[in-house]
Structures are given as structure tokens and as C-alpha cells.
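First comes the structure, then the notes that go with it.
Letters go in sequence order (proteins before strands), and every chain restarts at 1. Since we're looking at a predicted model, the values are computed, not measured. Values below: every heavy atom of this structure, side chains too, minus hydrogens, waters and symmetry copies.
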Amino acid sequence: MNALVRTYGLGLTGIFVALVAVWILLLIVVPQIRMIERAFTYEDRGGETAMLALQIDRAYVEKLQLEREVRTLEQMTDSPAAPGPTTPTAPSPSFSAPSPSTASPSAPSPSPSAPSPSAPSLSPFAPSPNAAGAQPTLSAGERTARLAELNQRLSALETKITDLEAQEDTSSGVAGTKEHYSLKNFTDMSGLHLQIFILTLVYAFTVTICAFFICYPVAYAAATMENKNTLTIILVGLLIPYAINELLRIFSWVMILDRNGILNTLLDFVGFIDLSAGEGFRFVASNGAVFAVMVYAYVLFMVFPIYNTIDTLDKSQIEAARDLGASPWKIHTRVVIPHAKPGIAVGSIMTFMLSAGSIAAPEIVGRGMHPDWFSQLIYRRFFEADSWNQGSAYSLALLVACIVFILVTMKVFKVGIRDIAK
Amino acid sequence: MSATSINSTAAAAPAQQRSRNWADAILNGYLVLFFAYMFLPLGFMVAAAFNASPTPSVTDWQGFTLQWFAELPNDKRFVQGLLHSLLIAAGVIAFSIPLGLSGAFILTRMQSRSTTLLYTILASPVLLPGIVLGATTMIFWRDYFGVQAGLFTTTVAQTSFIASFCMLLFMARLQRQDRVLEEAALDLGASPFMVFRRITLPFLAPTIATAAVVSFLQSIENYNTTFFAIGSSWTLVTEIGSRMRFGLSPMINAIGVIFVVITIVVAVTHTLMARKKG
Amino acid sequence: MTMHGQNVELSGVSMTYPNGFTAVHPTDLTINAGEFFSILGPSGCGKTTILRMISGFLDPSTGSISIGAQSVNGLGPNKRPTALIFQTLALFPLMSVWENVAFGLEARGVNKQERRRKAEELLELVALTGQAEKKPTELSGGQRQRVAVARALAVEPAVLLLDEPLSALDLKLRQHMRAELKDIQRKTGVTFIYITHDQGEALAMSDRVAVMNEGRIEQIASAAELYNAPQTPFAATFVGEQNVFGGRVKHTNGTTVEVETGQGLLRGRNFNDLTVGEEALVLVRPERIELAAANEGAGDADNNRITGQLLRRDLEGALINLYLRSGDQVIHVNLHNKGDRDFGVDESMTLAFSTTDTAVMRPGPMARSSA
């Protein structure tokens, strides 16, 4: 630190230290701690708080419907000639992640976003079909009566909501929270989920192994390439698919594996199946397809680290080994691979981490037709079951699995953290 | 190669040479297969972008068209997504470079043993699953600051690991720095700030440019982290992702072609520049 | 171009690193204004540490430093009237030659026109006129050296510190640059403090030389005094070559002392007030030894005599080196090649050397390279 102050003075050093402190605290450590805290906090969903939340949700939904009806009626009153509410623009196909709870930020409650599954770009008041079409036959008098009734019910509902929310505040805030530290988020993991967790890790590990065997010859060929022009072409050839967006790499394989995709067409062409008769393999519906796509999508993360380390190997060592009569097998196992260890370690860690944590591949391949992968489970815990604490627990499980993999890899390849993150 | 044969005994040389040729041929054949494996799927994807068929296909060819490209600018969600992506990328660059620089300075200039721990913490986001980073960022900002998942949390979540990438780039550069230059400048009476501005920054300038490009690409292309941290908003890539999940459209292939072209341009430029330097 | 050199005073200065290693033991040292002062010692002796403490890159653990009667304790390197020429020169690779030279002026807020003018003036001083626009990498080793000197002089330092700046140059250029540096020092009048492990450089350029070993200054003297009358075994053996004989004091007589050694009784000047019975080292330089006829001058109190068998002779041209075995020791003799006799291996010879050329000292650490 002294060296830093001496060179850059107190002012600049202070800025460096402050920025790093902010980075560590706000971007890395405290968020992780918060996730761990949540992972070990059990939210009692069957309990009083959850019931209240459910009631509040229902009340909001009811209120929404009433308001909609009121507006429809009012509109008709305003312009009796109008043929009814203008049809809202057709919902554009928006399937982005549903909003994760727009509830009050203070408490992790499973509340009001639930009733609004509609896409955020749309008005939350998009009329439901019956709300739009049921009323036009009513006379003006009936309308007024109905309006009055509705308004009355609305105000009653509002009081109820206020009451319920007050109760919720006391029950979750002061009077005794239903959240408590526990391992339950983990122990509650069903057998199926546990199976998925393990299967995902096994698949990720297999992807890593496959990637190594596919990439090692390529990395070796590139690193020992003597013709500089060929080498440049090979490197650009590796860099392009490596840099192309992950989704596109996955998508290109979906086109191949799809029911009407290239592979089935090929099979149809050779007469193995008859597509027009509705035959055809649903490759994409299997975990195997996800696995194959993952190998394709992440294989290149293995090439570059290995290439970089073999590149630093003094090539005369290979020549010397060959000259001493070593077989190709011996040359690789005794000279090249030992030297490439740090690269293999980095490549393995990257490939494993990307495969185990990939949400893109399982989401896009098969579009839900195959069994879930663990990353999808995490997503569903957060955004569909709306249980952030369980989601945190699942994320933590994945995180720990990756850390364990990193540590084991470091141990096996005898490399330090500084060799890895380069 | 010839050096080997010179050293080898005369009798062994031809046999060895023959087996070497075989090995080389197998390796070359493998390379061809490997690149076919890498590029054929991408080729299909690119080709389908020009097919008039309304579902992306290369087998069912209904004629050449640029229709899918023409439709892109009219798709509001794509355009908006692109805008979001650019905004996030700008933010990520603005955060990541100062953070990465600070981390690199502290780690390369501190001699104490605690740097290994600090290094592990700062470099760890690179090695951890993106969805975990996205999820933790989303939780943290909502729980502590009431900030809903969206463009801001995405920027922060991406920064948490892109800054680590930048730091590693800067560290590699700083380790090759001749520290004596800074001492010389100080000795000549320069203030610490002048040393930083006249000596250190010019030395780092090429790396800062590289880091900016890397950050930009990483940010634009990121899916896993963004998917969790974006909330109800969307970026170009999450939008592409959701379209892919709910049905295939050649418009995605059209975007793919644009990505591929940009990638090729960047990759070739990068390689040419690296060659020029080397 | 005359500048004003100032004196440098170290009192009780020491440096102990956090890991407990003491690089410099408490040292008092006064360097006069306008002097060419060298600190000579092997690597790791603490000379660079002293230099870095004077320039302000290191804070002494104890003691204080003042320059021109002004204490500089706690001042950073950018606030001291010193300029340092680094071993690697540390020219700024991204700046042109003149920008390098004018960097110190830029730091002092001098405007560009004036900076340029001053840079040209200094480049002229170091014979680099016309090279201003080049990048340092486009210059030869000697030219880069001169840019470094010009850059350091541009800030008109009172003290110029040089950290083995010639070590990267080849021998010819090094000898040339010695003369040039000495010349620049005379012209400018700046105090030069020159760090080196090369005794040739130190002896050739310096007004005074301090010999340092293991964090301590062994001796400060003029070049001639240092060579002819070294005060410690280390100073004696580090500067030039010595034949060293171990023994015990048998008799003292004022300035002369007699020591019983494996080669017989040897007499020499008593440098350390040795008393009878003490262990002692007897030192004599190879070129002070002469060949004597077998019985010539026997019993002469002013001369020491040793006999030995010739092991090897190396002809260097003008000089000839003889290596003789005498008892358990090899004696090195360095003669002018007069071409008047042959030397046969195994020949028995008698060597003679004057007692005034012979030094007797209390045992202590010696330079590793001594004969």
C-alpha cells in the first residue's frame, strides 16, 4: 500500500481503495451473503402470513376486476354511441421474464405481481373478454344502478385490503415473523429436484470431459503449427465461433435437431423416416439433445486456455522427446499435458461452470419439452413459485457445487488461484 | 522438423518420418472435421435468414429474400432491446474500467500476503455461474435498496464479473510495466497525479481500449446473468432468447447474421492487429 | 551552464527492512558540494539503499539526511533537489527525446516554448543536437545514456545521483562515457554521487570513494589513497588484487610489525595498532613483488623474502602474471614483461617486497574475488 501512496499520492490511492471497497461490498460479498442468508431463511408458506398474503392477492384481483367493470360502464355512460371499449392492441408476443414481484421492497412477500401475468409492455388493465363484451345491452338506468353497486363494493374491498395489509405488517414485521433460520429450504428439496441437481452436474462434468477430448488435438495442432499464415487462419476460425453469441450457437443446433429440422429431413431423404407421414424424431425433447448442444456451445472455452499454455512450451522439448524415441502417447502424457495443466484446469473450470449454470441451452433446446435442468429449477423457484428463499438455496447449491469443482480441479492439477484466473 | 532428422540415426529417420506424416495427416483431417463441426450449424443458421420460408429452414427453400432483415427495424421490441443493451453496455464500461483499474493497481502494488485473498475475491466472479450473479444482484438490490430488477440491476450484475475481466487484463499489462519509469518521473519532480496522467495512463491506454471492447461485447452478448437481473425489462439478447423459446422465426436468423458479421469483423481486426504487433 | 552543487550530510542513517534485514547500519557521511563522490561495493552491500534514501524513495529507519544544510527528512523524491539516473536509465518510451529531457520542467509548470528551448540547450551540452524529435528507442546505448543525463540536469539539481548508469554499455563506450560524465560534472559543478561495483569507474572519475560492505562504509579516501593505503582487509581486497597471508604478531616496533606466517616472518606497516600475540593478515599487491637473486638482500629489514615454485605463467602482453606455490599458498606476482628472461614451470624463485608496500591488518571480511 505504501508503494501505491508513494507513487500516486493519497488522493488517487484513496480513490482506488474506495472503488475496490465498493466493488467488493456492493457487487460481490454482501449480495452473496444476502443470498446465503435467504437460503437459510425458511418462509412458512402454510402459515398465517402466507394466508394473509394470499387473501390480499385475491382482494387485489377482485378490486382490479371491479375497477375494470366500472370503467367500462363509465365509458358507455360517457359516449353511449360508442360500440364499446376499443379493443386493445393485440398483445405482442412478449415472453420476457415475468416481473419478479413488484411488492413492497421491505418484505419478501409473494404478493401482487402474481395476478398480473401479462407482459409489462401491456396495460395491466387490459380488459378480459367478458368484461369487454358482457354489458352493452344494459339500459342507462340499469347502468347507473350497477355503477353505484360496484362503487360500493369497491370501497368495501379497499377497507378490507387496508385491514389485511395492516395485519400483514404486524404479523410479518413486529408481532412474530414467520421467517426463521433453518435448513428447510435445502431439506425440502424433493427427490426429483435432487435428482435433477445431480444429473445436471453429471451432464456438466461429461460436457467438460468431451470438450477436453475434442479440443486437445485442436489446441495442440494450433500451438505446434509452424506455418504462421495457417495458424492465423486457425485462430480466426476458432475465435469466430467462440465470440458468436451463445444463443445463436444454441439456436443453430435447434434448427438441426428440430422436429422439422435438418437432421430429420436428412433421415427422411435417405428413407429412414417419412416426415410427411408425421414421423420424425423429437430430438429436442431429450436431455441428450441439450447435452449435445452444450458440448457444441461451450467446447471452445476449452480450446483457448489449452492453446495458450501449449504455446508457451518450448517446442524443442517435443523434438527432444521424439528424438529420444518416445512414442506419441508418451510425448503427450509426459511432456505436453503436464505443461498444459494450468490451461486444462482453466478450460475445465470454465466449461463445467458454463454447462452447470447454463440456462440458455435447456431453455431454448426443446422449449420445455424435456425434463428441467437445475438452472431452470432455480429460475422457476424465483419467478414461478415466487419463493426467493428457496431459489437462493438452489443457487447456493449450484454455487457450492462449482466452488467444489474449482477446488478439486486446482488440487488435481496442482495449480493455484493465480494460475487459474488469468 | 529437419533438426530432428539430423539428430536421428540414419536408419531410423525414414521410418520415423513416415509415421510423422501419417500423424500429421490424421491431425489435419481432424482439424477439417472440427471446423466443419464448428461452422456448418452456423452456416445453416445464416442461410435460413435468406429463405422466404416463414419458419427458419434450409431444407425447405422457398426463395431468396431480404424480407426478414427489412422487418427488423419495425420490430419495436427488438429496437428497444437493442437500445437497452447499448445503455447497459455503456454503464458496464463506465463502471468496469475504473473498478478493474483500481483492483489491478492495488493487487500489483501491494506486497502483503493478504493479496491472495483479495485476488480470490475480485477474480471469483469470472469463475462463478452467471445465473448466480444475476440472482444475488437482484435479491440484494431489492432487499436493501428497494430497487426492482431492471436495467440498473443488470448493469450492476454484469459489472460484477466484467470488472474482474478488466482487472485481469490490466494486471497482465501492469505486470509488464517498468515501475522505474514512475520513480523516474517522481524523481524529476512530477506530482503523483502527473505521474498517473503522463506515465501510467499512456502505458495503459491500449489495454483500456481492449478492455472497453471486451466489456462491450461481454455485456451485449450476456444472457445468463441478464436473464435473472433484467426483471420485467429486456435486452436484445433476452428478447432473442424469449423468441427462441416460443417459436422460431427467420427474423432471429437475420439478427444472427448481423451478429455473425460483426463478430467476424471484430475477430479479423483483432487478429490482424495482434499480428501487426507481434 | 553552471549550476550549484550542494553538500549532502547523513548522520546516523540506517535502514532496516520490515523483514528484519538491515541493509545499512548507522552511517555518518558528508559529501562536499561540487564533489564527484563514488560509493563502491559489491551488490547487496547497501549502496543502492543509501542512494534511494538520499533521493527520497526510501525513508531511513534512523538518522537524518540533509542537503545543503536543509533537512529533507520526510520529503518525497519529487520535493528534493536531487535527480537520479537509473541503472536502466528509465527513459519514457512513449515520449520523444526532448519531451523526456523537458519532463522535469513540465512538472514545474514551465511553458512549452521555454521547455523546448531548455531541452535544446541541454541536448547540446550532451552532444545530442538534432536528435530532439526521435524516440529513445531509436537511439544508441551511448546516446540514451546522454539523454538520461540531460533529463536529470534539466531540473538543475543540486545533487545528481547515478545508479551504475554505465553497466549496460560495452567496455569501449563505458570508458568513453566515464570521461564524458567527469567532464559534465566539472562544467556544471553539480555534486555527483556515483554508485558502482566497478572499481575502475570509481577510481577513474571520483574525487573521493567510499568502499562499502555489508551495510557499512569501510573506508572513505581519494582514489590513490584507497589503492595505496587501504585501511581494512575488505577495502584492500575489493580494490585491486592482494596476496594475503595469515599469521600471528610476533613483534611490534612503532609503525612496523612482524608477523609469523606459513611463509616465514613477514614485516609490514601496522595499520590497526596490532599488539604482540594477535592474529593478523599480511597483504601485498602482486605488482609490488619483485624477483630477487637467491641470496640477494637476505636479512634486509626493509625487505620481505619468500621462496616458491612456479606453477603457471600467463603472458598478457605488456604484463606477465606468475603464480607460485609457497607452503600452502599460491602467490600471484605481476611483472612488466621486459623480455629478459624465461620462466620454467617448477623453477624455484625468490620473491622480495618492501615492508612499506606490505600492510598488516586485524582479520576481517574480505572481498570474495581476492587472490
Worksheet entry | A:Leu10, part contacting chain B, at a heavy-atom distance under 4.5 Å | neither

Worksheet entry | Worked check of side-chain contact (heavy atoms from CB on, under 4.5 Å) between A:Gln32 and B:Val132 | CA-CA 9 Å; A:Gln32 296 294 338; B:Val132 175; 4.3 Å; yes

Discussion item. For A:Ala356, which atoms come within 4.5 Å of any heavy atom of chain B: side chain, backbone, both, or neither?
Written reply: neither

Worksheet item: Closest heavy-atom contact between B:Leu128 and A:Met353?
Response: O-SD, 3.4 Å

Worksheet item: Quick one: CZ on A:Phe352 to CG on B:Leu127, what's the gap to the nearest 0.5 Å?
Response: 13.0 Å

Worksheet item: Between the side chains of A:Tyr242 and B:Thr263, does any donor sit under 3.5 Å from an acceptor?
Response: no

Practice prompt. Find the one option among B:Ser124, B:Gly150, B:Ala157, B:Gly256 whose heavy-atom pairs under 4.5 Å with chain A are most numerous.
Written response: B:Gly256

Worksheet entry | side-chain contact (heavy atoms from CB on, under 4.5 Å) assessment of A:Glu246 paired with B:Asn222 | CA-CA 8 Å; A:Glu246 178 186 359; B:Asn222 182 273; over 6 Å; no

Worksheet, complete the sentence: Distance col, row B:Ser102:OG vs A:Leu19:CG, nearest 0.5 angstrom, shows 4.0 Å

Fill in: Geometric cation-pi criterion, B:Arg142 with A:Trp388: 6.0 Å, 45°
yes

Worksheet item: Quick one: are B:Thr200 and A:Tyr8 in side-chain contact, heavy atoms under 4.5 Å?
Response: yes

Worksheet item: Can you say whether B:Leu99 sits under 4.5 Å from chain A via the side chain, the backbone, both, or neither, judging by heavy atoms?
Response: both

Discussion item. Is any side-chain heavy atom of A:Phe16 closer than 4.5 Å to one of B:Leu101?
Written reply: no

Worksheet entry | Part of B:Ala163 lying under 4.5 Å from any heavy atom of chain A | both

Practice prompt. Considering only heavy atoms and a distance below 4.5 Å, find which of A:Val254, A:Ile15, A:Leu354, A:Thr232 pairs most often with chain B.
Written response: A:Thr232

Item to complete: Can you see which heavy atom on A:Leu238 is nearest to which on B:Phe34, and at what distance?
Response: CD2-CE2, 3.5 Å

Discussion item. Could you walk me through whether B:Met38 and A:Ile240 satisfy the side-chain contact (heavy atoms from CB on, under 4.5 Å) test, starting with their C-alpha distance in whole Å, then the side-chain angles of each, then the deciding distance to 0.1 Å, before giving a yes or no?
Written reply: CA-CA 9 Å; B:Met38 280 293 121; A:Ile240 288 169; over 6 Å; no

Discussion item. Under 4.5 Å from any heavy atom of chain B, what part of A:Ile359 do you find: side chain, backbone, both or neither?
Written reply: both

Practice prompt. Give, as side chain, backbone, both or neither, the part of B:Thr55 having an atom under 4.5 angstrom from any heavy atom of chain A.
Written response: neither

Worksheet entry | Atom CZ of B:Phe193 with >12 non-hydrogen neighbours under 6.0 angstrom | no

Worksheet entry | Heavy-atom side-chain contact between A:Ile256 and B:Pro41 under 4.5 Å | yes

Worksheet item: Contact part of A:Val293 toward chain B, heavy-atom cut-off under 4.5 Å: side chain, backbone, both or neither?
Response: neither

Practice prompt. Examine whether an atom of B:Met194 lies under 4.5 Å from a heavy atom of chain A, and if so say whether it belongs to the side chain, the backbone or both; otherwise answer neither.
Written response: neither

Discussion item. With chain A as the partner, which of B:Val237, B:Val195, B:Thr137 has the greatest number of non-hydrogen pairs under 4.5 Å?
Written reply: B:Val237

Discussion item. Report which part of B:Val46 has an atom under 4.5 Å of a heavy atom belonging to chain A: side chain, backbone, both, or neither.
Written reply: neither

Worksheet item: How close do A:Arg34 and B:Phe140 get, heavy atom to heavy atom, and via which atoms?
Response: CG-CA, 4.4 Å

Worksheet item: Given the options A:Leu26, A:Ile33, A:Ile24, which has more heavy-atom pairs under 4.5 Å with chain B than any of the others?
Response: A:Leu26

Response to the item:
In terms of heavy-atom pairs under 4.5 Å with chain A, the winner among B:Ile252, B:Ile240, B:Val268, B:Ile262 is B:Ile252

Worksheet entry | Top of A:Leu300, A:Ile403, A:Val29, A:Leu396 for chain B proximity - count of heavy-atom pairs under 4.5 angstrom | A:Leu300

Fill in: Contact origin within B:Leu27 toward chain A - heavy atom pairs under 4.5 Å
side chain

Discussion item. With a 4.5 angstrom heavy-atom cut-off, is it the side chain or the backbone of A:Leu247 that approaches chain B, or both, or neither?
Written reply: both

Worksheet, complete the sentence: Applying a strict 4.5 Å limit to non-hydrogen atoms, the region of B:Leu169 in contact with chain A is neither

Item to complete: Name the option with the most non-hydrogen atom pairs under 4.5 Å to chain B; the candidates are A:Leu239, A:Ile244, A:Val20, A:Ile36.
Response: A:Ile244

Worksheet item: Are the side chains of A:Ser392 and B:Ile139 in touch, meaning some heavy atoms are under 4.5 Å apart?
Response: yes

Worksheet item: How many angstroms lie between OH in A:Tyr394 and CD1 in B:Ile131, if you round to the nearest 0.5 Å?
Response: 13.0 Å

Worksheet item: If you look at every heavy atom in B:Met244 and A:Ile364, which pair is closest and at what distance?
Response: SD-CD1, 3.7 Å

Practice prompt. Output the distance between atom CG (B:Leu42) and atom CZ (A:Phe251), rounded to the nearest 0.5 Å.
Written response: 11.5 Å

Practice prompt. Measure the CE-CG distance between A:Met35 and B:Asp143 for me, rounded to the nearest 0.5 Å.
Written response: 12.5 Å

Discussion item. By the definition ring-ring contact (aromatic ring centres under 6.0 Å, His included), identify the one residue from A:Phe382, A:Tyr379, A:Phe383 that meets it with B:Phe227.
Written reply: A:Tyr379

Discussion item. Please classify the contact between B:Pro98 and chain A as side chain, backbone, both or neither, with a heavy-atom cut-off of under 4.5 Å.
Written reply: both

Worksheet item: What are the two closest heavy atoms between B:Met45 and A:Leu248, and how far apart are they?
Response: SD-O, 3.7 Å

Practice prompt. Please flag which part of A:Ile349 lies under 4.5 Å from any non-hydrogen atom of chain B: side chain, backbone, both or neither.
Written response: side chain

Discussion item. Once rounded to the nearest 0.5 Å, what's the spacing between atom CD1 of B:Ile220 and atom CG of A:Asn245?
Written reply: 10.0 Å

Worksheet item: chain A heavy atoms under 4.5 Å from B:Ser191: which part of the residue, side chain, backbone, both or neither?
Response: neither

Discussion item. Given heavy-atom pairs under 4.5 angstrom as the criterion, report whether the side chain, backbone, both or neither of A:Tyr220 touches chain B.
Written reply: side chain

Worksheet item: Which one of A:Ile250, A:Val22, A:Ile406, A:Leu399 has the most heavy-atom pairs closer than 4.5 Å to chain B?
Response: A:Leu399

Fill in: Toward chain A, the part of B:Leu186 with a non-hydrogen atom under 4.5 Å
side chain

Response to the item:
One option among A:Gly357, A:Cys215, A:Ser252, A:Ala320 has the most heavy-atom pairs under 4.5 Å with chain B, and it is A:Ser252

Practice prompt. Identify the heavy atoms of B:Gly103 and A:Trp23 that sit nearest to each other, and give their distance.
Written response: CA-CZ3, 4.4 Å

Practice prompt. Give, as side chain, backbone, both or neither, the part of B:Phe161 having an atom under 4.5 angstrom from any heavy atom of chain A.
Written response: neither

Worksheet item: So, does B:Asn224 use its side chain to make a donor-acceptor pair with the main chain of A:Ser358 at under 3.5 Å?
Response: no

Discussion item. Whether the side chain of B:Tyr30 engages the backbone of A:Ile214 through a donor-acceptor N/O pair (distance < 3.5 Å, no angle test) should be reported.
Written reply: yes

Fill in: A:Thr13 vs B:Phe105, side-chain contact (heavy atoms from CB on, under 4.5 Å): CA-CA, chis, key distance, verdict
CA-CA 9 Å; A:Thr13 307; B:Phe105 276 125; over 6 Å; no

